[in-house]
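Predicted, not measured: the structure shown is a model, and the values here were computed from it.
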Amino acid sequence: MALETFLIKLKNAISSKPTSHRSTSPPITTTTSSVGVLSFEVARLMTKLLHLTHSLTDSNLLSLRDHSLSLEGLTKIVTGDETFHLSLVCAELADSLAHTADSVSRLSYRCTAPSLRSFHRLFHEFADMGRDPHGWVISCKDTESKNKKIERYVSVTTALYREMEEMTNLENSLRKHSSQIGTELEEDNNKKVMDLHQKIERQRQHVKYLKDRSLWNKSFDTVVLILARSVFTALARLKSVFSSSVGPPTVVSFLPRSLSSSSSSMNLVHPSPNDEERLKTASSSAFLEESSRLLKPPETTLGGSGVALHYANLIVVMEKMIKQPQLVGLDARDDLYSMLPASVRSSLRSRLRGVGFTATDGGLAVEWKAALGRILQWLLPLAQNMIRWQSERSFEQRHVATAVNSQNRVMLVQTLVFADKVKTEAAVTELLVGLNYIWRFEREMTAKALFNLQSPPNHS
């Protein structure tokens, strides 16, 4: 399909990713041609930047502070205190922005303006020293109008993608019917071919119209300048919100408690002279490198051991079994056991050693259900967030001109990645011990009920 060809060209054009954030010399290639098929990649980058910008609004930051970081599970098993959790939020946003900037850098090598071709170097100088020689940080009064313009570009480019796909389908249908000319149904087939020719011509005109209005026919200089301004503005806002009033911006000291929609708060989008001076003195802070370092979980965590997603799936499966233990068969129980890591199996065997095979105490079963419910109340949200976090990142990579809405976006700190491995295994083991009892209790009660039904009544 022609659409697949577009995506293949797109992948080939942007496949060479920088392995680090160090400044690299751009290849000596300039062009004044339009972005063409790369418009879909540009639209995706713009969407990511729009959502990143929205995630840094006052309302989202207040929600983050008051709800997202108040999960009970964070205090129970996730490494670090509130300051560290805020540092992880800042680091994840900065890392996402850095990856977006890497994509912008690859596009900038196709520009003709020297300043834009130097985007990679200028971005990292701004990140580490606060230097903005070309004034790419947008003032707060211009931010909203600029974002609306970007949204229109994204909307039309997304529509272009759909219409080009439709045109490809029509062309494929035309080829199919053209190959049938000369058959018994030639007259009907000829009519279909003529209809398809007319539809394709109309569709071609519509696609041409959308190309003129979308990013397709824009120059690389035009789109990269838009992206550069968005990246610089987002980074300025990020550092202003999360950095303390003294010291380098590599460690978050607080999240402002008085964020509001007032003009004084929104002025943070454009750093004050004092902010710029402070950032310039932090030339050795390596803001982006520090952010990347913070996102590497220690070996004592589930993420550091590479098992966070596996534990998340395990916890979700157990929650369903605990809800309806009477529906859990022997095969399902064996499947669950096969999912258990060796360390959890060992811990479970130790806990169950000496436990009898009967489970007839209804009061104890009720107590276990209540205890398991309390554990799942704080553990399950982290597991569900882990699965969502992984799904969201995978979705963004697969879909053109699409990014996850920042209002519902899960942050890494809300998942099991930084969960302490020993504490999590202890909680999982407790769930398994309790599930073992209530599962056996339900089976024995069911067996007893069936026995009573099958036993003949005693008439003596």
Side-chain angles (χ1 to χ4, degrees), residues 6-50 52-53 96-139 142-143 145-158 160-161 210-236 288 400-401 403:
F6 291 149
L7 296 180
I8 291 170
K9 289 180 180 178
L10 189 153
K11 277 191 173 182
N12 292 337
I14 61 171
S15 60
S16 55
K17 281 192 175 182
T19 56
S20 70
H21 294 307
R22 295 178 182 175
S23 179
T24 57
S25 298
I28 309 302
T29 55
T30 59
T31 179
T32 57
S33 63
S34 60
V35 295
V37 70
L38 287 174
S39 59
F40 303 130
E41 168 67 4
V42 172
R44 188 182 68 84
L45 294 175
M46 286 182 173
T47 306
K48 287 185 67 175
L49 286 168
L50 284 171
L52 183 60
T53 299
S96 176
L97 187 58
H99 280 92
T100 303
D102 283 344
S103 296
V104 177
S105 296
R106 291 191 288 275
L107 293 170
S108 72
Y109 298 156
R110 296 169 176 261
C111 294
T112 57
S115 59
L116 295 175
R117 286 176 58 77
S118 301
F119 171 81
H120 185 85
R121 173 179 58 81
L122 293 171
F123 171 70
H124 291 281
E125 286 181 0
F126 180 66
D128 294 340
M129 295 177 285
R131 293 184 66 245
D132 182 16
H134 302 288
W136 284 343
V137 175
I138 303 172
S139 64
D142 294 330
T143 301
S145 62
K146 295 289 185 183
N147 285 344
K148 285 183 178 179
K149 183 178 180 180
I150 292 173
E151 287 173 358
R152 287 195 296 271
Y153 275 137
V154 170
S155 177
V156 178
T157 304
T158 304
L160 172 64
Y161 182 89
L210 290 176
K211 283 182 177 180
D212 291 337
R213 294 188 62 214
S214 69
L215 295 165
W216 184 281
N217 284 340
K218 296 293 180 288
S219 68
F220 281 96
D221 284 49
T222 299
V223 298
V224 170
L225 181 58
I226 295 173
L227 291 168
R229 286 174 172 167
S230 296
V231 168
F232 270 54
T233 303
L235 183 55
L288 298 174
V400 176

Measure the [atom1]-[atom2] distance between [X] and [Y] for me, rounded to the nearest 0.5 Å.
{"X": "Ser230", "Y": "Ile150", "atom1": "OG", "atom2": "CD1", "value": "3.5 Å"}
{"X": "Asn217", "Y": "Leu160", "atom1": "CG", "atom2": "CG", "value": "9.0 Å"}
{"X": "Asp132", "Y": "Arg229", "atom1": "CG", "atom2": "CZ", "value": "10.5 Å"}
{"X": "Leu215", "Y": "Thr222", "atom1": "CG", "atom2": "OG1", "value": "10.0 Å"}
{"X": "Ser105", "Y": "Leu116", "atom1": "OG", "atom2": "CG", "value": "11.0 Å"}
{"X": "His124", "Y": "Met129", "atom1": "NE2", "atom2": "CE", "value": "11.5 Å"}

Identify the heavy atoms of [X] and [Y] that sit nearest to each other, and give their distance.
{"X": "Asp128", "Y": "Leu288", "value": "OD1-N, 4.2 Å"}
{"X": "Leu97", "Y": "Phe123", "value": "O-CZ, 4.5 Å"}
{"X": "Val231", "Y": "Ala101", "value": "CG1-CB, 4.3 Å"}
{"X": "Trp136", "Y": "Ala228", "value": "CE3-CB, 3.9 Å"}
{"X": "Ser115", "Y": "Leu122", "value": "O-CD1, 3.4 Å"}
{"X": "Lys218", "Y": "Tyr153", "value": "CE-OH, 3.2 Å"}

Taking [X] for its side chain and [Y] for its backbone only, find out whether a donor-acceptor pair lies under 3.5 Å.
{"X": "Thr157", "Y": "Ser39", "value": "no"}
{"X": "Arg117", "Y": "Tyr109", "value": "yes"}
{"X": "Ser118", "Y": "Arg121", "value": "no"}

Item to check | side-chain contact (heavy atoms from CB on, under 4.5 Å), paired with Phe220, selected from Thr112, Val35, Leu225, Val42 | outcome: Val35
Checklist entry - salt bridge (Lys or Arg N to Asp or Glu O under 4.0 Å) between Arg44 and Glu41: does it pass, once the steps are laid out? => result CA-CA 5 Å; Arg44 188 182 68 84; Glu41 168 67 4; 3.1 Å; yes
Checklist entry - Do Leu227 and Leu45 touch side chain to side chain, with heavy atoms closer than 4.5 Å? => result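 They are in side-chain contact.
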Next on the checklist: Tell me whether the rings of Phe119 and Phe232 are parallel (<30°), tilted (30 to 60°) or perpendicular (>60°).
Outcome noted: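 Phe119 and Phe232: tilted rings.
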Checklist entry - Could you walk me through whether Thr100 and Leu52 pass the side-chain contact (heavy atoms from CB on, under 4.5 Å) check? => result CA-CA 10 Å; Thr100 303; Leu52 183 60; 5.8 Å; no
Next on the checklist: Test side-chain contact (heavy atoms from CB on, under 4.5 Å) on Phe40 and Thr158; report intermediate values, then the result.
Outcome noted: CA-CA 7 Å; Phe40 303 130; Thr158 304; over 6 Å; no
Checklist entry - Would Lys146 and Thr233 satisfy side-chain contact (heavy atoms from CB on, under 4.5 Å), going step by step from the backbone distance to the final call? => result CA-CA 11 Å; Lys146 295 289 185 183; Thr233 303; over 6 Å; no
